[in-house]
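Heads up: the structure comes next, in structure tokens.
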There are 2 protein chains.
Amino acid sequence: MDDHQEIRGPLATYLGRYGLDVSTAADAEGVRALLAQQCFDLIVLDVMLPGEDGLSLCRYIYEHLKIPVILLSAMAEPADRIAGLELGADDYVTKPFDPRELVARIKTVLRRLEGAAPAAPAAGNGGYSFDAWILDTSRRELRHCDGRTVELSPVEYRLLHVLVEHPNTVLNRERLLDLTTRDEATVFDRSIDTQVSRLRKKLGDDARRPRLLRTAWGDGYLLAAEVRRLPI
Amino acid sequence: MDDHQEIRGPLATYLGRYGLDVSTAADAEGVRALLAQQCFDLIVLDVMLPGEDGLSLCRYIYEHLKIPVILLSAMAEPADRIAGLELGADDYVTKPFDPRELVARIKTVLRRLEGAAPAAPAAGNGGYSFDAWILDTSRRELRHCDGRTVELSPVEYRLLHVLVEHPNTVLNRERLLDLTTRDEATVFDRSIDTQVSRLRKKLGDDARRPRLLRTAWGDGYLLAAEVRRLPI
DNA sequence: CCCTTTTGTCACAAGTTTTTCACACTTTGA
DNA sequence: TCAAAGTGTGAAAAACTTGTGACAAAAGGG
């Protein structure tokens with residue numbers, strides 16, 4: 001996750017040789033896209049990214065995902081390093097550096113984390129990520145991987161929650177209504193359509209050609225996405 | 001725990017000023033003596049000690065005591081740092097260094113540990129920090145990071161305390177009432193709304209678009225912030 | 001290709017829920 | 001006992017949600 005291909009490629013290869021499973025991205029947006037798709041144990045992040053600042057991304061990761069971050073930077077003053085560490089980074093390595101030292105520092109961070117492993121299950125159960133979205137079930141909000149959050153009404157939230165718990169599965173209207181409406185108020189089928197429409201709009205899904213919240217003609221709807229449960 | 005009195009003294013004083021409780025020792029034997037007497041959260045260790053090597057002491061501490069260690073050393077080659085980290089050190093700082101960076105690294109190591117550990121609940125009565133605020137539980141007051149303090153009424157204080165103990169979690173009115181009212185006086189739900197409104201005003205939160213004390217429509221309220229327990 | 005069925009969307013209104021306020025009642029401390 | 005601060009209450013206002021019906025668009029079947 002460095003901004004220079006010349007560094008990023010070889011570094012990834014090098015880390016891979018140490019038994020680490022590595023993915024790389026060119027900029028903050030790429031990192032967020034990766035984060036939405038899979039879980040990571042640790043993130044190595046260059047402070048100088050094109051576009052969004054590495055530091056702001058670091059803060060986001062610390063606050064929302066709790067994945068350890070090691071910051072990389074060229075010519076960092078002590079003040080820069082302090083700022084990075086106080087933002088939630090777990091280490092700060094200044095370029096140029098010996099790649100073996102980076103490996104050692106990665107392992108040190110991971111070692112500490114494993115040692116103190118049993119993460120408290122108490123505070124909320126994290127959430128789900130799918131496509132470029134994160135449904136944060138403890139905060140009850142929907143966040144895009146670019147950082148913006150989208151407000152969801154109670155029914156929209158419940159609807160998305162149901163969909164996300166049954167991804168790639170057709171859910172008929174009756175089922176969706178049962179799972180969505182709180183009291184057994186008799187509502188007619190079509191109200192779900194409206195809610196789907198509203199949700200699609202918030203997800204940026206085009207109804208003509210929906211990518212995520214697809215229509216199962218004559219049957220119901222389904223969320224077409226790979227959903228991951230997030231720890232936290 | 002540095003071998004030079006000229007450094008050790010001032011450094012201890014400096015660290016003390018950051019709210020850290022510090023003991024010092026001149027050599028490995030002194031460290032071992034201290035370790036036998038009391039518990040430490042973290043040890044800062046100079047590699048070049050008279051007598052027993054700092055590295056061997058570090059290994060001992062890692063293997064037997066599991067107390068985090070930050071190694072200090074003058075003119076360390078990457079190979080030295082790697083060796084130190086692989087021996088179980090949690091960080092390795094090369095002299096000369098900015099003392100503020102050392103403080104930042106100490107806090108980072110401690111934070112990493114706290115986050116993973118099951119966090120002792122009762123323990124300290126220090127306080128909590130969230131957003132730009134500090135809730136001082138020993139003084140029962142709310143301070144902004146710009147220095148000004150805000151007076152809280154008893155109920156406001158209890159409400160904020162509850163929220164701060166369950167951050168990023170939706171708490172319904174019933175729950176908030178249970179945790180907020182002292183005696184089981186039957187109070188109706190809506191009184192919480194009033195208190196929330198009053199608290200929001202003091203936190204400078206706009207009710208139209210609350211940033212911190214958010215409304216979970218149809219459910220309750222939640223504090224949307226990263227909360228940290230403060231030591232002291 | 002046309003007709004029927006199903007779905008998408010919109011504005012609107014009804015219904016809920018929340019916010020805020022003044023006021024009365026209670027507690028606290030001098 | 002009195003004043004001052006705190007707190008619950010009810011009501012009114014504001015904000016927001018959500019079902020509905022109408023109509024447009026799309027899909028499927030013959």
Side-chain angles (χ1 to χ4, degrees), chain A residues 140-142 150-162 170-224, chain B residues 140-142 150-162 170-174 176-222 224:
Chain A
R140 296 209 156 198
E141 71 184 14
L142 178 66
V150 174
E151 301 280 336
L152 292 180
S153 80
V155 172
E156 283 160 6
Y157 173 80
R158 277 196 294 272
L159 177 58
L160 185 52
H161 196 241
V162 168
V170 176
L171 298 166
N172 61 33
R173 292 191 171 68
E174 197 187 357
R175 186 96 186 279
L176 286 173
L177 271 177
D178 278 1
L179 298 168
T180 299
T181 53
R182 72 197 74 185
D183 37 24
E184 287 299 330
T186 56
V187 210
F188 90 135
D189 285 18
R190 300 300 311 285
S191 63
I192 278 292
D193 297 31
T194 309
Q195 294 296 355
V196 167
S197 169
R198 298 201 244 252
L199 192 50
R200 276 212 264 244
K201 199 179 290 181
K202 293 198 178 179
L203 286 168
D205 227 10
D206 177 20
R208 306 294 194 81
R209 196 150 286 287
R211 206 169 47 87
L212 286 170
L213 221 172
R214 300 209 189 137
T215 306
W217 230 80
D219 249 327
Y221 297 94
L222 83 153
L223 180 71
Chain B
R140 293 205 147 212
E141 71 183 14
L142 178 65
V150 173
E151 299 285 332
L152 291 181
S153 78
V155 173
E156 282 160 7
Y157 172 79
R158 277 197 295 273
L159 176 58
L160 185 52
H161 196 241
V162 169
V170 175
L171 298 166
N172 60 32
R173 293 191 170 69
E174 197 186 356
L176 285 172
L177 272 178
D178 278 359
L179 298 168
T180 299
T181 52
R182 71 192 78 183
D183 39 24
E184 286 299 331
T186 57
V187 210
F188 93 135
D189 285 18
R190 297 300 145 167
S191 61
I192 279 292
D193 298 29
T194 310
Q195 294 298 354
V196 166
S197 171
R198 298 200 244 251
L199 190 51
R200 275 213 262 245
K201 203 175 289 182
K202 293 197 177 179
L203 286 168
D205 229 9
D206 177 21
R208 306 293 196 83
R209 197 148 281 286
R211 206 169 48 86
L212 286 170
L213 219 173
R214 297 222 264 246
T215 307
W217 238 79
D219 250 321
Y221 297 93
L222 81 153

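Only heavy atoms go into these numbers, but all of them, side chains included; no hydrogens, no water, no symmetry mates. Every chain is numbered from 1, with letters handed out A, B, ... down the list of sequences. Treat the numbers as computed from the prediction; the structure is a model and nothing was measured.
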**Message:** Looking at G220(A), is its backbone amide N or carbonyl O close enough to the side chain of N172(A) to form a donor-acceptor pair, meaning the two atoms are under 3.5 Å apart?
**Reply:** no
**Asked** Of the nucleotides dT20(C), dG8(C), dG6(D), which one has an atom closest to the side chain of S153(B)?
**Response** dG6(D)
**Asked** Can you check the R208(A) CZ to dA25(D) C1' distance for me, whole Å?
**Response** 7 Å
**Prompt:** Roughly, in whole Å, what's the span from CD in E156(B) to P in dG6(D)?
**Reply:** 7 Å
**Asked** Nearest of dT17(C), dT7(C), dT9(D) to any side-chain atom of W217(B)?
**Response** dT17(C)
**Request:** Round to a whole Å and report the spacing from CG of D206(B) to C1' of dA14(D).
**Result:** 13 Å
**Prompt:** Closer to the 5' end of DNA chain D via nearest nucleotide, is it E151(B) or S191(B)?
**Reply:** E151(B)
**Prompt:** If only side-chain N and O atoms of T215(B) are considered, is one of them under 4.0 Å from the OP1 or OP2 phosphate oxygen of dT18(C)?
**Reply:** no
**Prompt:** Within this structure, what is the CZ-to-C1' distance between R190(A) and dT9(C), rounded to whole angstrom?
**Reply:** 10 Å
**Request:** State which of dT19(C), dG19(D), dG8(D) makes the closest approach to the side chain of Q195(B).
**Result:** dG8(D)
**Item:** From CA spacing to verdict: side-chain contact (heavy atoms from CB on, under 4.5 Å), V196(A), T215(A)
**Value:** CA-CA 10 Å; V196(A) 167; T215(A) 306; over 6 Å; no
**Message:** Quiz question: going by heavy-atom distance under 3.5 Å, is there a donor-acceptor pair between the base of dG19(D) and the side chain of R198(A)?
**Reply:** yes
**Prompt:** When the distance from CG of L177(A) to C1' of dT18(D) is rounded to whole Å, what number comes out?
**Reply:** 12 Å
**Request:** Give a yes/no answer on whether the side chain of S197(A) brings an N or O atom under 4.0 Å of OP1 or OP2 in dT9(C).
**Result:** yes
**Most 5' of D193(A) and R200(B) on DNA chain C, judged by nearest nucleotide** = D193(A)
**Fill in**
When D178(A), D193(A), D189(A) are each screened for salt bridge (charged side-chain N to carboxylate O under 4.0 Å, His left out) with R173(A), the one that passes is D193(A)
**Request:** Decide yes or no, distance alone: a donor-acceptor N/O pair under 3.5 angstrom between the base of dG8(C) and the side-chain of R209(A).
**Result:** no
**Prompt:** From dT9(D), dT7(C), dG19(D), pick the nucleotide closest to the side chain of F188(B)?
**Reply:** dT9(D)
**Message:** Between E141(B) and Y157(B), is there a side-chain heavy-atom distance shorter than 4.5 Å?
**Reply:** no
**side-chain N/O R173(B) vs dT18(C) OP1/OP2, d < 4.0 Å** = yes
**Asked** Taking CG from L199(B) and C1' from dG8(D), how many angstroms apart are they, rounded to a whole number?
**Response** 17 Å
**Whole-Å gap separating C1' (dT7(C)) and CG (D205(A))** = 15 Å
**Complete:** Closest to the 5' end of DNA chain C, once V196(B) and P210(A) are matched to their nearest nucleotides, is P210(A)
**Item:** Student check: side-chain heavy atoms of V150(B) and L203(B) closer than 4.5 Å
**Value:** no
**Request:** From the options dC16(D), dT7(D), dT18(D), select the nucleotide whose nearest atom is closest to the side chain of P154(B).
**Result:** dT7(D)
**Message:** What is the distance, to the nearest angstrom, from the OH atom on Y221(A) to the P atom on dT7(C)?
**Reply:** 6 Å
**Prompt:** For the side chain of A207(B), counting heavy atoms from C-beta on, which of dT7(D), dT9(C), dT19(C) is nearest?
**Reply:** dT19(C)
